[in-house]
Amino acid sequence: MSQETVHELILRRHEKLKELYGRGVEPFGEKYSVSHQAQEILEHFEELEGKEVSVSGRIMTMRGHGKAGFANLQDESGQVQIYARLDDLGEEAYECYRLLDIGDIIGVKGKVFRTRKGEITVSITEFQLLSKSLRPLPEKWHGLKDVELRYRQRYLDLIVNPQVKKVFILRSRIIQSIRDFLNHQGYLEVETPTMHTITGGASARPFVTYHNTLEMNLYLRIATELHLKRLLVGGFDRVYELGRIFRNEGISTKHNPEFTSIEVYKANADYHDMMELTENLVAHAAEKVLGTLQITYQGKDMDLTPPWPRMTMLEAIKTYSDYDFSTITTDEECLKLARKHKLEVYNDTVRGEVINLFFEHFVERHLVQPIFIMDYPLEVSPLAKRKKDDPNFTYRFEAFMAGSEIANAFTELIDPIDQRERFKKQVEKREAGDEEAHMMDEDFITALEYGMPPAGGLGIGIDRLVMLLTDSPSIRDVLLFPTLRPREDTGGA
RNA sequence: GAGCCAUUAGCUCAGUUGGAAGAGCACCUGACUUUUAAUCAGGGUGUCCCAGGUUCGAGCCCUGGAUGGCUCACCA
């Protein structure tokens with residue numbers, strides 16, 4: 001729709017707008033007091049039959065019959081039919097009724113009855129125009145299918161595609177259930193800065209912005225981890241933050257530049273505790289929101305019932321590729337093997353990194369049922385505690401479902417001296433050109449030097465979890481306004 | 001970032017071999033006081049995504065671009 005050329009359909013509505021003004025009707029009205037929502041009228045028909053109700057909503061369909069007419073009114077709860085008769089409304093009001101369009105928001109008052117065909121209907125005695133719609137809605141039968149328009153003009157998607165609204169209601173309930181679950185266990189919800197002077201807590205390229213008065217760059221956070229751990233140093237034993245994270249990476253069906261994560265930290269806990277927390281939290285959300293632990297994602301049945309199986313990364317690689325890295329111990333052997341499988345490695349790529357590559361290449365896509373993959377290599381886990389019996393690995397796990405990572409957690413590294421060494425390694429990688437490598441965070445090390453209690457930490461990708469629980473194939477289906485390039489002709493929506 | 005695909009009326013979509021731009025819904029006019037994808041009679045409202053090119057002639061073929069989708073890469 002071009003801004004300059006006014007389409008005939010829009011012109012018509014502006015004409016009707018003028019005529020309404022001419023009749024003394026205010027087309028953009030004030031709040032209307034309603035007695036019921038559409039769905040309530042349908043559900044409580046027995047009590048309401050013959051009684052007067054008031055309801056407001058958007059006109060979705062209209063069927064005229066000369067001196068009477070039917071219309072469907074849609075509010076947040078659903079739709080209810082209304083019936084308008086010349087005899088009941090009077091000449092003047094009925095003329096105004098005939099000036100209404102699909103898309104207009106009106107408030108009506110009238111008696112509840114059931115039509116000959118059995119539909120519960122409000123026979124209106126008066127109505128009020130609450131908001132005149134100046135643009136035509138998408139088609140009533142097929143809805144809005146063009147995915148680009150659905151994302152750019154989500155409000156239209158929500159008006160005409162009722163199943164879309166359900167996804168976002170579920171999303172809200174899932175998040176609510178997670179909060180309830182953690183609050184009930186004594187966790188404190190906190191808020192930490194989204195603008196950081198140093199990025200950290202994850203391997204990712206950040207967004208950069210500029211603060212005028214401070215005359216310096218700030219990074220949008222790529223994780224909440226390092227601030228939450230500072231809070232454990234400060235004496236909070238159980239904290240979580242649920243919020244937006246920003247990563248300057250590619251966009252795909254599983255990635256949006258901004259997404260929602262939850263990170264949870266618990267003092268005097270380890271990654272075994274975090275596994276229990278993860279499976280119980282997900283099961284709780286599914287039970288509360290879906291009422292079941294048996295879910296189907298894109299045709300695959302999954303059982304979320306705890307406990308989920310646990311498997312070490314080396315076991316998993318052995319299971320799915322026949323390579324046993326417990327016997328492949330040198331960087332040279334690993335490099336050779338990686339090159340054989342055309343995995344992206346450099347001359348300085350080490351065993352731990354190769355193991356991670358093999359896991360991603362051979363294993364991940366097979367992990368359909370929920371499972372915990374434990375004991376990640378040291379090199380790819382700069383914030384996790386080293387394993388006592390094998391310092392090349394860490395007490396870290398990720399949870400997988402439907403071939404997708406949904407949680408990442410570890411027994412936290414609390415040794416400031418080891419942490420400094422790990423950061424140094426990351427800084428070396430960064431200086432070698434790895435833009436996703438971590439930065440040295442001196443303040444965080446300082447905090448650790450004051451002493452952080454042993455702790456377990458957990459991060460969950462909320463969008464991924466919502467995708468799984470709502471059977472949505474794309475992350476854009478669970479984001480109200482996914483990131484898109486702007487279009488000139490819609491004013492950059 | 002790479003490959004493949006899509007873009008035609010407000011919406012959902014047809015459009016044959018390159019030969020006069022179509023349907024349904026929506027909209028407009030008329031009929032109709034319990035319809036419901038209301039029905040009946042009539043009316044087509046368009047930058048065929050954009051810019052070039054080939055051709056007597058392009059929605060269709062070619063080149064470039066835009067936006068989106070999918071797959072891959074990166075990542076969560």
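From a predicted model like this one, the values you see are computed outputs, not experimental measurements. In the text below, chain A, chain B and the rest are named by the order of the sequence lines, each starting its count at 1.
- Checked against salt bridge (Lys or Arg N to Asp or Glu O under 4.0 Å), A:R12 has the following partners two or more places apart in sequence or in another chain: A:E8.
- In this structure, the CD1 atom of A:I59 is 18 Å from the C1' atom of B:rC25, given to the nearest Å.
- Across all strands, A:D87 comes closer than 4.0 Å to base atoms (heavy-atom distances).
- Taking atom C1' in both B:rA58 and B:rU12, the straight-line distance is 26 Å, to the nearest Å.
- Not counting sequence neighbours, A:Y376 has no partner by the ring-ring contact (aromatic ring centres under 6.0 Å, His included) test.
- Using a 30° and 60° split on the angle between ring planes, A:F70 and A:H65 fall in the perpendicular class, above 60°.
- For the pair A:R85 and B:rU33, the criterion of a side-chain N or O lying under 4.0 Å from OP1 or OP2 is not met.
- The side chain to side chain donor-acceptor pair (under 3.5 Å) search around A:Y395 returns none, not counting sequence neighbours.
- The stretch residues 107-117 of chain A comes close to RNA chain B through A:F113, A:T115, A:R116, A:K117, each having a heavy atom under 4.0 Å from the strand.
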Measure all distances between protein nitrogen or oxygen atoms and nitrogen or oxygen atoms of nucleotides 37-43 of chain B, and list the pairs falling under 3.5 Å.
from: B:rA37; atom 1: O3'; to: A:K140; atom 2: NZ; distance (Å): 3.2
from: B:rA37; atom 1: N1; to: A:W141; atom 2: NE1; distance (Å): 3.2
from: B:rA38; atom 1: OP1; to: A:K140; atom 2: NZ; distance (Å): 2.2
from: B:rA38; atom 1: OP2; to: A:R63; atom 2: NH1; distance (Å): 3.3
from: B:rA38; atom 1: N7; to: A:G64; atom 2: O; distance (Å): 3.4
from: B:rA38; atom 1: N6; to: A:G64; atom 2: O; distance (Å): 2.5
from: B:rA38; atom 1: N1; to: A:H65; atom 2: ND1; distance (Å): 3.4

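- Taking atom P in both B:rC13 and B:rU29, the straight-line distance is 29 Å, to the nearest Å.
- One C1' atom belongs to B:rU36, the other to B:rC72, and the distance between them is 48 Å to the nearest Å.
- Within 3.5 Å, a donor on the side chain of A:Q81 pairs with an acceptor on the base of B:rU35, or the reverse.
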Could you list the donor-acceptor pairs under 3.5 angstrom formed by side chains in residues 120-127 of chain A, with sequence neighbours left out?
from: A:T121; atom 1: OG1; to: A:Q81; atom 2: NE2; distance (Å): 2.9
from: A:T121; atom 1: OG1; to: A:E119; atom 2: O; distance (Å): 2.9
from: A:T125; atom 1: OG1; to: A:K109; atom 2: O; distance (Å): 3.3

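- With contacts defined as side-chain heavy-atom distances shorter than 4.5 Å, the pair A:L182/A:L281 qualifies.
- For A:R205, the salt bridge (Lys or Arg N to Asp or Glu O under 4.0 Å) criterion is met by A:E435, not counting sequence neighbours.
- Taking atom P in both B:rC60 and B:rG53, the straight-line distance is 14 Å, to the nearest Å.
- The P atoms of B:rU55 and B:rA73 are separated by 44 Å, rounded to the nearest whole Å.
- The residue A:K67 sits close to a base: some heavy atom pair falls under 4.0 Å.
- B:rC48 and B:rU8 are spaced 11 Å apart, taking the P atom of each and rounding to whole Å.
- With a 3.5 Å ceiling on both atom-pair distances, the Watson-Crick or G-U wobble partner of B:rA26 is B:rU45.
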Extract from the structure each pairing of a protein N or O with an N or O of nucleotides 70-74 of chain B at less than 3.5 Å, listing the distance.
from: B:rC70; atom 1: OP2; to: A:R476; atom 2: NH1; distance (Å): 2.9
from: B:rC74; atom 1: O2'; to: A:E436; atom 2: OE2; distance (Å): 3.0

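- Using a 4.0 Å heavy-atom cutoff across all strands shown, A:N256 reaches at least one base atom of the nucleic acid.
- Per the geometry, CD1 belonging to A:I245 stands 12 Å off P belonging to B:rA76, to the nearest Å.
- Between A:R485 and the phosphate of B:rG68, there is a side-chain N or O to OP1/OP2 separation shorter than 4.0 Å.
- Rounded to a whole Å, the OH atom of A:Y376 is 10 Å from the P atom of B:rA76.
- Ring-plane geometry between A:F207 and A:F246 is classed as perpendicular, the angle between the planes exceeding 60 degrees on a 0 to 90 degree scale with a lower cut at 30.
- A:L484 has its CG atom 16 Å from the P atom of B:rA66, to the nearest Å.
- Here the two rings, on A:H227 and A:F444, have centers that are 6.0 Å apart or farther.
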Contacts table for residues 456-464 of chain A: side-chain donor-acceptor under 3.5 angstrom, sequence neighbours left out:
from: A:D463; atom 1: OD1; to: A:R171; atom 2: NH1; distance (Å): 2.9
from: A:D463; atom 1: OD1; to: A:R171; atom 2: NH2; distance (Å): 3.0
from: A:D463; atom 1: OD2; to: A:T260; atom 2: N; distance (Å): 2.8
from: A:R464; atom 1: NE; to: A:K254; atom 2: O; distance (Å): 3.3
from: A:R464; atom 1: NH1; to: A:E405; atom 2: O; distance (Å): 3.2
from: A:R464; atom 1: NH2; to: A:K254; atom 2: O; distance (Å): 3.1

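- Nucleotide B:rC32 has no partner under the Watson-Crick or G-U criteria, as no pair reaches both atom distances under 3.5 Å.
- A 3.5 Å limit on both hydrogen-bonding distances identifies B:rC70 as the Watson-Crick or G-U partner of B:rG3.
- Considering only residues two or more places apart in sequence or on other chains, A:R339 meets the salt bridge (Lys or Arg N to Asp or Glu O under 4.0 Å) condition with none of them.
- A gap of 14 Å separates the P atoms of B:rU45 and B:rA9, to the nearest Å.
- Per the geometry, CD belonging to A:E148 stands 15 Å off C1' belonging to B:rC11, to the nearest Å.
- Residue contacts for A:L144: at a heavy-atom cut-off of 4.0 Å it reaches the sugar-phosphate backbone alone, with no base atom in range.
- For A:Y83, taking side-chain heavy atoms from C-beta onward, the closest of the listed nucleotides B:rU35, B:rC11, B:rU33 is B:rU33.
- Between the CD atom of A:E405 and the C1' atom of B:rA76 there is a distance of 6 Å, rounded to whole Å.
- Following rounding to the nearest Å, A:R396 (CZ) and B:rA76 (C1') show an atom-to-atom distance of 11 Å.
- The closest donor-acceptor contact from the side chain of A:Y240 to the backbone of A:L228 lies at 3.5 Å or more, if one exists at all.
- B:rA76 atom C1' lies 10 Å from atom CZ of A:F400, rounded to whole Å.
- Along RNA chain B, the nucleotide nearest to A:L86 and the one nearest to A:P257 differ in position, and the one closer to the 5' end is contacted by A:L86.
- The base-pairing partner of B:rU54, taking Watson-Crick or G-U wobble contacts with both distances under 3.5 Å, does not exist among the strands shown.
- The gap from the C1' atom of B:rU54 to that of B:rG18 amounts to 12 Å, rounded to the nearest Å.
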Only pairs under 3.5 Å count here: list side-chain donor-acceptor contacts from residues 349-361 of chain A, not counting sequence neighbours, and write none if there are none.
from: A:T349; atom 1: OG1; to: A:Y346; atom 2: N; distance (Å): 2.7
from: A:T349; atom 1: OG1; to: A:Y346; atom 2: O; distance (Å): 3.1
from: A:R351; atom 1: NE; to: A:I328; atom 2: O; distance (Å): 2.8
from: A:R351; atom 1: NH2; to: A:F325; atom 2: O; distance (Å): 2.8
from: A:E353; atom 1: OE1; to: A:V350; atom 2: N; distance (Å): 2.9
from: A:E353; atom 1: OE2; to: A:K429; atom 2: NZ; distance (Å): 2.9
from: A:N356; atom 1: ND2; to: A:E360; atom 2: OE2; distance (Å): 3.3

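- Partners of A:D471 according to the salt bridge (Lys or Arg N to Asp or Glu O under 4.0 Å) rule, which considers only residues two or more places apart in sequence or in another chain, do not exist here.
- Not one side-chain nitrogen or oxygen of A:K145 sits closer than 4.0 Å to the OP1 or OP2 atom of B:rG69.
- For B:rA20, there is no paired nucleotide, since no Watson-Crick or G-U wobble pair has both relevant distances below 3.5 Å.
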